[in-house]
Amino acid sequence: MEDINVIDWLNYCDENNIKPWLWDFKNYSLSPFPNDSITAFLKYKELPKNEGIDCDKAALFLYKVLGWQHSESDIIRGETINSYITTFTQAITKDPNYKEICEKIGVNLNEYLNKQYPILYHNKSYQKFETIQRNIKEFELFAKLTHTIGNFTVLPHWMNTGRYKFSGDYWDITMLSLQEWLTNLSPEAWINFIEMYYLHPYVNTEYQVELFWDNHNDVILPKRHDFPIFLKKVNERIEERGKYIIKQVCDKLNQKDYHFYKEIENMDKIKFSNEF
């Protein structure tokens, strides 16, 4: 993908009444773009590897402005912070009526669910699962926010493959491991990491990681009562961080004459986790 001119992108967002922190990087892969955010996410996930782009890599033009990454070949590369698919799949497969619903909508229980996404988004059949239906607005928002700048960071690219096994791709658990490692090197290293990548929404004012739900470090995957708690927290953190990142980009480039900038011009600091 060709490098994108940041100012042209900001201009495009403003001219089209798009808040840049809500720009969905799946737009570079899906055309036409589905109106339903969950359908858009599932269609993106079913694209063959040689089609579409890695959304968190496509934000390189923003990483350059932020000083996070300088070229595509850097060891440190884009990474999606909070995984949508882990929580979405758990909500479906742990439904008490999972087998009956699958039989009704045509999901083959002998095949992987990720090979049957068209069945889920056809007529929005994913809504037939209780946890999805009960939290539909939050799931829709999370699907929309997942591939926005507020849910991206950079990490050494080899870390990506190892994250899932111990964390389920939940960012609070990943942060716990990073906190232990970096604090052992020096307390300043951990604080610098938070400050560099604007990760304050995931730590409290004492720079301690706050879990998404009680006992999350003991039970990695959410239970039914954990979903609304997690979805509220993850959505508000992604959007807060996205706004702050876009303000940093605009300020660094001295590009402030935008309609959307009025919403963030007084955002002098980013919230810590215990300030939400």
Do [X] and [Y] pair up side chain to side chain, a donor and an acceptor below 3.5 Å, judged on atom types alone?
X      : Y      : value
Thr87  : Tyr170 : yes
Tyr126 : Asp36  : yes
Asp74  : Ser71  : yes
Asp251 : Tyr261 : yes

Using every non-hydrogen atom in the two residues, find where [X] and [Y] come nearest and quote the distance to one decimal.
X      : Y      : answer
Pro34  : Ala40  : CG-CA, 3.8 Å
Tyr202 : Asn82  : OH-ND2, 2.9 Å
Leu66  : Val249 : CD2-CG2, 3.9 Å
Gly78  : Lys57  : O-NZ, 3.0 Å
Ser177 : Thr174 : OG-O, 2.6 Å
Tyr44  : Asp54  : OH-CA, 3.7 Å

Distance flag, aromatic centroids of [Y] and [X], threshold under 6.0 Å:
X      : Y      : value
Phe227 : Trp213 : no
His200 : Tyr244 : no
Phe25  : Phe152 : yes
Tyr207 : Trp190 : no

Can you find a heavy atom in the side chain of [X] that is under 4.5 Å from one in the side chain of [Y]?
X      : Y      : result
Ile194 : Ile191 : no
Ile238 : Trp21  : no
Tyr63  : Ile149 : yes
Phe88  : Lys45  : no
Gln208 : Gln179 : yes
Glu210 : Phe276 : no
Tyr84  : Leu145 : no
Arg224 : Lys94  : no

Exercise. Does the side chain to side chain contact (heavy atoms under 4.5 Å, CB included) test come out yes or no for Leu231 and Leu141, once each step is laid out?
Worked result: CA-CA 9 Å; Leu231 290 166; Leu141 181 57; over 6 Å; no

Is the number of heavy atoms from other residues, nucleotides or ligands under 6.0 Å of [X] [atom1] greater than 12?
X      : atom1 : result
Glu206 : CD    : no
Asn35  : CG    : no
Lys247 : NZ    : yes
Asp218 : CG    : yes
Asn16  : CG    : yes
Gln127 : CD    : yes
Asp214 : CG    : no

Starting from [Y], can I reach [X] by hopping between I/L/V/M/F/W/Y residues whose side chains sit under 4.5 Å apart?
X      : Y      : value
Leu176 : Val219 : no
Val203 : Leu155 : yes
Leu22  : Leu62  : yes
Tyr12  : Phe33  : no
Ile264 : Ile18  : yes

Nearest-0.5 Å distance that lies between atom [atom1] in [X] and atom [atom2] in [Y]:
X      : Y      : atom1 : atom2 : result
Ile92  : Leu120 : CD1   : CG    : 5.0 Å
Ile132 : Phe139 : CD1   : CZ    : 4.0 Å
Leu42  : Leu47  : CG    : CG    : 11.0 Å
Arg237 : Lys271 : CZ    : NZ    : 9.5 Å
Glu79  : His157 : CD    : NE2   : 12.0 Å
Cys250 : Phe260 : SG    : CZ    : 4.0 Å

For this session: Determine, stepwise, if the pair His216 / Phe230 fulfils ring-ring contact (aromatic ring centres under 6.0 Å, His included).
Result: CA-CA 10 Å; His216 188 201; Phe230 167 71; 7.6 Å; no

For this session: Output, in order, the C-alpha distance, side-chain angles, deciding distance and verdict of side chain to side chain contact (heavy atoms under 4.5 Å, CB included) for Glu130 and Gln133.
Result: CA-CA 5 Å; Glu130 181 183 350; Gln133 180 58 47; 5.8 Å; no

Between [X] (side chain) and [Y] (backbone), is there a donor-acceptor pair under 3.5 Å?
X      : Y      : answer
Glu275 : Phe272 : yes
Lys233 : Phe212 : yes
Asp14  : Leu10  : no
Asn151 : Thr80  : no
Asn217 : Leu211 : no
Asn5   : Asp8   : yes
Asn108 : Asn110 : yes

For this session: Assign the ring pair Trp68 / Tyr198 to parallel, tilted or perpendicular, where the plane angle (0 to 90°) is split at 30° and 60°.
Result: tilted

Exercise. What orientation do Tyr197 and Phe193 show, parallel under 30°, tilted 30 to 60°, or perpendicular over 60°?
Worked result: perpendicular

For this session: For Glu51 and Ser29, run side chain to side chain contact (heavy atoms under 4.5 Å, CB included): C-alpha distance rounded to whole Å, both residues' side-chain angles, the deciding distance at 0.1 Å, then the answer.
Result: CA-CA 8 Å; Glu51 295 183 23; Ser29 297; over 6 Å; no

Problem set entry | Lys/Arg N to Asp/Glu carboxylate O, Glu265 vs Lys256, below 4.0 Å | no

